[in-house]
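Since the structure comes first, as structure tokens, the remarks are kept for the end.
First the proteins, then the strands, lettered A, B, ... as listed; each starts at 1. Just the heavy atoms: all of them, side chains too, but no hydrogens, waters or symmetry mates, feed the values below.
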2 protein chains.
Amino acid sequence: MDLRRLRYFVAVAEARSVGKAAERLRMAQPPLSVQIRKLEAEIGAPLFRRGTRGMDLTEAGQALFARAGEALALAADGAEAARAVAAGRRGRISVGYMFVLANAVLPRLIPELRRSIPGVDLDFAELSASTREARLLDRSVTVALCMPAIHHPEIQVARIGAQLFMLAMPIRSPLARLGSVPMARLQGRPLIALPRPDQDPASSAVTALLRRHQIVMPVAGRVETVHSAMSLVLAGEGLAILPACAQLGAPRGIVFRRLRDATDSIDVAVCWRRDSHSPLIRTFLKCAEKVVARL
Amino acid sequence: MDLRRLRYFVAVAEARSVGKAAERLRMAQPPLSVQIRKLEAEIGAPLFRRGTRGMDLTEAGQALFARAGEALALAADGAEAARAVAAGRRGRISVGYMFVLANAVLPRLIPELRRSIPGVDLDFAELSASTREARLLDRSVTVALCMPAIHHPEIQVARIGAQLFMLAMPIRSPLARLGSVPMARLQGRPLIALPRPDQDPASSAVTALLRRHQIVMPVAGRVETVHSAMSLVLAGEGLAILPACAQLGAPRGIVFRRLRDATDSIDVAVCWRRDSHSPLIRTFLKCAEKVVARL
DNA sequence: CATTGGCATACCGAAAGAATATGGGTTGGC
DNA sequence: GCCAACCCATATTCTTTCGGTATGCCAATG
């Protein structure tokens with residue numbers, strides 16, 4: 001059973017005439033006549049009654065006709081759906097984000113995305129520093145909003161912004177009275193650190209920053225997330241050096257101050273698999289750039 | 001869009017491999033590979049991700065796959081439905097019948113038909129003597145149960161039985177005391193007749209019967225239907241000569257008696273268009289013969 | 001009886017399909 | 001680290017199928 005034959009059959013059934021149908025199909029009448037007879041041979045029964053004034057569906061022909069139109073429509077729809085997905089007009093995109101960025105980015109990013117890709121299903125998933133790579137590689141997320149970027153041969157990165165490192169402290173801390181804190185004032189103070197530098201690029205950036213200024217801060221605690229760090233800071237266990245955007249999720253009682261002579265920052269990036277060629281990724285990137293630019 | 005390509009596509013998507021799919025399709029691997037690429041060219045986007053261990057649907061491919069299976073099934077189902085209709089396993093048949101036969105035939109015919117052609121939609125329509133030909137010719141009924149048969153070059157007839165002509169009279173008529181009525185006793189009595197013999201073959205059969213026995217019966221009334229005739233008989237307007245099966249629909253107060261020396265009868269027949277080749281007609285004929293044989 | 005309108009058949013050139021042979025890239029074993 | 005195995009892609013050739021033109025057949029019409 002061939003879709004071409006089915007299309008011809010439908011045309012003849014609708015035109016109730018081989019000649020008329022051939023005209024509409026922009027082909028000659030004889031080959032159409034041949035195709036119809038081949039279809040009848042394939043079915044094993046006449047589909048048309050040949051009269052002197054044209055052709056007319058038999059009962060068997062009516063049974064086929066009832067389904068043929070639908071089958072044609074479904075095939076065409078399938079092709080169109082595939083094209084739409086490939087062009088980014090339809091489909092789904094699963095967006096992973098790291099929680100530090102959630103408060104700063106998502107409230108503006110989500111409406112922006114819905115406006116840009118209205119036919120697309122959106123899906124969000126929080127990523128941890130330790131799983132984000134795997135989630136991209138196994139395609140359980142399409143793109144990841146990361147801080148900092150992921151480095152991996154299979155993963156493509158687009159830097160879309162940066163966040164300054166700031167000092168987070170309890171509001172009652174004497175340093176909080178300063179508008180910005182000179183690096184020297186950190187010397188010897190306890191630090192609430194993120195995971196070991198070899199496991200967490202953010203942490204290694206902080207380590208590098210301190211080393212560059214020849215500051216030593218004893219590690220008073222090591223935690224997994226920025227939020228845990230802020231909890232310990234609030235509890236008076238020490239200070240933390242965190243990306244500026246963490247302020248937005250900070251509990252009351254925590255204040256952030258610039259580090260006077262350090263302009264170190266951490267990249268905000270969009271990451272995706274190199275072999276994901278969905279145009280949705282480009283669109284997502286545009287939206288994310290726009291939102292992060294106004295951070 | 002070609003069904004073959006769609007079928008190949010589904011096979012490759014399910015096997016997640018061109019080679020495996022080719023094996024299942026009993027063809028070589030290269031032409032299948034070519035067809036898949038042609039389909040991708042037609043869609044304008046890759047449908048598979050080529051890995052080192054086989055192929056995997058892209059998002060666009062998934063969108064197509066979701067509809068392709070259904071389209072294939074629908075096309076196959078259409079072909080099968082057409083075959084089923086052609087073979088008489090499915091379909092519909094519209095049965096016309098003349099009302100005189102209804103009481104005698106339908107109660108046994110309908111269950112017989114439902115048993116014989118369970119997948120078929122049945123449809124019944126009462127026919128009048130004047131419209132039965134037209135209803136067959138315009139296909140608004142597929143077969144007609146007629147008494148007597150229709151004669152027309154486009155219409156095929158199968159005689160399936162006959163009904164004896166009997167005399168219908170009021171129960172209080174003196175003739176009713178006889179077991180059967182000699183023809184001679186009809187001489188001069190008023191007759192309730194059906195339409196003019198040139199318009200109604202049943203009527204012309206009665207006329208011939210009387211003429212052959214040299215009986216003259218003045219026409220006391222001419223009516224369209226057997227039932228009207230019986231009403232007038234009951235009202236005492238005259239006698240009627242009617243097919244035996246009319247007894248089953250006769251009102252109380254009417255009795256039927258054999259005509260002692262007349263064995264004239266009227267044919268019961270199944271009629272259909274010569275160009276209707278539905279096997280359902282044969283089946284219908286079998287059922288009708290069986291039922292009428294036991295009348 | 002000729003003309004017209006409609007479908008079917010015959011035949012030919014063009015296009016598409018399938019098979020065989022082969023290339024290239026990746027994986028996994030020795 | 002090299003070689004064999006595996007899998008998909010490409011090239012070439014042969015066959016099938018398709019579409020076009022020319023023509024035939026039949027019925028209806030005047």
Original post:
Using a cut-off of 4.0 Å on non-hydrogen atoms, how would the nucleic acid contact of B:Gly51 be classed: base, sugar-phosphate, or nothing?
Top reply: nothing
Original post:
Going by distance alone, is a donor N or O of one side chain under 3.5 Å from an acceptor N or O of the other, for A:Ser140 and A:Arg135?
Top reply: yes
Subject >> Residue A:Val34, side-chain atoms from C-beta onward, closest of D:dC8, C:dA19, C:dT9 >> reply: C:dT9
Original post:
Between A:Phe48 (CZ) and C:dA8 (P), how many Å, whole number?
Top reply: 10 Å
Original post:
Can you tell me if the side-chain N/O atoms of B:Arg50 get under 4.0 Å from OP1 or OP2 in C:dT26?
Top reply: no
Subject >> Short side-chain to backbone donor-acceptor contact, A:Arg273 and A:Leu137, under 3.5 Å >> reply: yes
**OP:** Round to a whole Å and report the spacing from CD of B:Glu40 to C1' of D:dA9.
**Re:** 12 Å
Original post:
What nucleotide among C:dA18, C:dG17, D:dC8 has an atom nearest to a side-chain atom of B:Arg5?
Top reply: C:dG17
Original post:
Taking CG from B:Leu25 and C1' from C:dA18, how many angstroms apart are they, rounded to a whole number?
Top reply: 13 Å
Subject >> Nucleotide of C:dA21, C:dA8, D:dT21 approaching A:Val18 most closely (side-chain heavy atoms) >> reply: C:dA8
**OP:** Decide yes or no for B:Asp275 and B:Arg139: does some side-chain heavy atom of the first lie under 4.5 Å from some side-chain heavy atom of the second?
**Re:** yes
Original post:
Just to confirm, is there a sub-4.0 Å distance from OP1 or OP2 of D:dC8 to any side-chain nitrogen or oxygen of B:Arg37?
Top reply: no
Original post:
So, is B:Thr52 near the phosphate of D:dC7, with a side-chain N or O under 4.0 Å from OP1 or OP2?
Top reply: no
**OP:** Measure the distance from CZ on B:Arg53 to C1' on C:dG28 and round it to the nearest whole Å.
**Re:** 8 Å
Original post:
Between B:Lys38 (NZ) and D:dA11 (P), how many Å, whole number?
Top reply: 13 Å
Original post:
For C:dA8, does OP1 or OP2 lie under 4.0 Å from any side-chain N or O of A:Ser33?
Top reply: yes
**OP:** Would you please confirm or rule out a distance under 4.0 Å between OP1 or OP2 of D:dC7 and any side-chain N or O of B:Lys20?
**Re:** yes
Original post:
Just by distance, with hydrogens left out, do B:Thr131 and B:Ser128 show a side-chain donor and acceptor under 3.5 Å apart?
Top reply: yes
Subject >> Atom of B:Cys271, atom of B:Cys146 and distance for their closest heavy-atom approach >> reply: SG-SG, 3.9 Å
Original post:
Which whole-number value in Å describes the distance from B:Gln29 CD to C:dG17 P?
Top reply: 17 Å
**OP:** Please report, rounded to the nearest Å, how far the P atom of D:dG19 is from the CE atom of A:Met27.
**Re:** 5 Å
Original post:
Could you state the CG-C1' distance from A:Leu32 to D:dG20, rounded to the nearest angstrom?
Top reply: 13 Å
Original post:
Heavy atoms under 4.0 Å, any strand shown: does A:Gln35 hit a base, just sugar-phosphate, or nothing?
Top reply: sugar-phosphate
